[in-house]
Colleague: 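I have a structure I would like to understand better, so I am pasting it below and will then ask my questions one at a time.
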Amino acid sequence: MEEFNSRTALISGATRGIGKAISRRFLETGAQIVGVYAGNSEAAKLFSDENQQFSERFELLQCNVADEKQVAALFTRIDVKYQSLDILVNNAGIRRDAMLAMMSYHQWQDVLDTNLTGTYLMAKQAVLLMMKHKYGRIINITSPVAHLGFAGQANYAASKAGQVALTKSLAKEVARKNITVNCVSPGFISTDFMSDLNQDLLAEYKKMVPMRRFGTPDEVADAVLFLAGNRAAYISGCVLEVSGAL
Ligand code: NDP
């Protein structure tokens, strides 16, 4: 279980939901982690309190992944403090749902900025560090709506489809540098992400899932750790769905 004990992992959206489960799993398997969050300091404090036993192996930093300068400063810090970066999980994501005809420019742009531009900015910096050491694992958290579409989520679906296209292209670019780039695509997962939806809608969504239940953050984390590990060395440019057969 100590597979990651010489590894440094950077995880965005690390202190809540799916990212929190991924971070916890990496800590349990020996990794050093840098966890990024947008601004919810209460959630960050709770993460720190709950993971006290690993306190010497994690650092939490506030950083907007959509901001080029903040991301550059984050990577300067990682380069100076840790010298290398082995694993990047682009998990930070938002939704701002609306039917396209009613969707404001900001609803469109905010989602594209965080979900897609954030993935580009983080992956670009990570690849520069990873190429120096000829090792890397990049895992982008996308969604089945990338290929299925979803009414009210044109912005979100476009951002998630963009992540898949970015993943497949980057995988080819860095394949000879011993860097793999993959997506994990969670279906409906119980997190704050869906906390604005009412019970009737949640029940409707559950009926859409062939397994008739939502997934857990831990089930997504297991897929991420698989792709980050040694057994996935020949897997790159793929999308691993964790969706109960959606
Ligand atoms: P949550 O809303 O529970 O958590 C989102 C996390 O992302 C928070 O830690 C938040 O920080 C962080 N974040 C948001 N915007 C930024 C930003 N600009 N810069 C840095 N960090 C940011 O989401 P989930 O855990 O449910 O979702 C995680 C990922 O999984 C997302 O990419 C989402 O699209 C994807 N996904 C989720 C599904 C689900 O059903 N839950 C289904 C399919 C995909 P803070 O705490 O500071 O706000």
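Numbering of ligands and ligand atoms starts at 1, following listing order. In this text, all values refer to a predicted model and were calculated from it rather than measured experimentally.
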Colleague: If the cut-off is 4.0 Å to any non-hydrogen atom of T142, which atoms of ligand 1 fall inside it?
Modeller: 43 (C), 44 (C)
Colleague: What protein heavy atom is closest to atom 19 (N) of ligand 1, reported as residue, atom name and distance in Å?
Modeller: V65 N, 3.1 Å
Colleague: For atom 11 (O) of ligand 1, grab the closest protein heavy atom and report residue, atom and distance to one decimal in Å.
Modeller: A38 N, 3.2 Å
Colleague: Using the side chain to side chain donor-acceptor pair (under 3.5 Å) criterion, which residues pair with D113? Sequence neighbours excluded.
Modeller: Q109
Colleague: Using a 4.0 Å cut-off to any heavy atom of I94, which atoms of ligand 1 qualify?
Modeller: 14 (C), 15 (N)
Colleague: Report the residue from K45, K20, R24 that forms a side-chain hydrogen bond (donor to acceptor under 3.5 Å, both in side chains) with E50.
Modeller: K20
Colleague: Among all protein heavy atoms, pick the one closest to atom 2 (O) of ligand 1 and tell me residue, atom and distance.
Modeller: F193 CD1, 3.6 Å
Colleague: Give yes or no for whether the N/O distance cutoff of 3.5 Å, strictly under, is met between A66 and ligand 1.
Modeller: no
Colleague: Tell me which protein heavy atom sits closest to atom 26 (O) of ligand 1, plus the residue, atom name and distance to 0.1 Å.
Modeller: T191 OG1, 2.5 Å
Colleague: G39 to ligand 1: N or O pair under 3.5 Å?
Modeller: yes
Colleague: So which heavy atom in the protein is nearest atom 8 (C) of ligand 1, and how far is it from that ligand atom?
Modeller: R16 NH2, 3.8 Å
Colleague: Can you tell which of G17, A92, A146, G93 gets a heavy atom nearest to atom 5 (C) of ligand 1?
Modeller: G93
Colleague: Does any N or O of ligand 1 fall below 3.5 Å from an N or O anywhere on I18, backbone included?
Modeller: yes
Colleague: Below the 3.5 angstrom mark, is there an N/O of N115, backbone or side chain, next to an N/O of ligand 1?
Modeller: no
Colleague: Compare S143, S243, G187, A44 and give the one whose heavy atom is closest to atom 42 (C) of ligand 1.
Modeller: G187
Colleague: Does M211 have more than 12 heavy atoms from other residues, nucleotides or ligands lying within 6.0 Å of its CE?
Modeller: no
Colleague: Any atoms of ligand 1 less than 4.0 Å from a non-hydrogen atom of C63? List them with their elements.
Modeller: 19 (N), 20 (C)
Colleague: Answer yes or no: does an N/O atom from I189 fall short of 3.5 Å to an N/O atom of ligand 1?
Modeller: yes
Colleague: Would N64 count as being in polar contact with ligand 1, using the rule that some N or O on each side must be under 3.5 angstrom apart?
Modeller: yes
Colleague: Looking at R212, I'd like to know if its CZ atom is crowded, meaning that more than 12 non-hydrogen atoms belonging to other residues, nucleotides or ligands lie closer than 6.0 Å.
Modeller: yes
Colleague: Quick one: ring pair (Phe, Tyr, Trp, His ring centres under 6.0 Å) partners of F150, sequence neighbours excluded?
Modeller: Y205
Colleague: Identify the protein heavy atom lying closest to atom 31 (C) of ligand 1, giving its residue, its atom name and the separation to 0.1 Å.
Modeller: N91 O, 3.1 Å
Colleague: Applying a heavy-atom cut-off of 4.0 Å, say which part of K160 lies close to ligand 1: side chain, backbone, both or neither.
Modeller: side chain
Colleague: Any Lys/Arg nitrogen of D79 or K132 sitting under 4.0 Å from an Asp/Glu carboxylate oxygen of the other?
Modeller: yes
Colleague: Identify the protein heavy atom lying closest to atom 43 (C) of ligand 1, giving its residue, its atom name and the separation to 0.1 Å.
Modeller: P186 O, 3.0 Å
Colleague: What about F58 and F26, are their ring centers closer than 6.0 Å?
Modeller: no
Colleague: I need the contact type for Y156 against ligand 1. Using non-hydrogen atoms and a strict under-4.0 Å cut-off, is it side chain, backbone, both or neither?
Modeller: side chain
Colleague: Given that the side chain starts at C-beta and the backbone is N, CA, C, O, which of these parts of S12 lies under 4.0 Å from ligand 1, counting heavy atoms, or is it both or neither?
Modeller: neither
Colleague: May I ask you to identify, for T114, whether its side chain, its backbone, both or neither come under 4.0 Å of ligand 1 on a heavy-atom basis?
Modeller: side chain
Colleague: Geometry only, no angles: is Y37 polar-contacting ligand 1 at N/O separations under 3.5 Å?
Modeller: no
Colleague: Tell me: protein heavy atom nearest atom 12 (C) of ligand 1, and distance?
Modeller: G13 CA, 3.5 Å
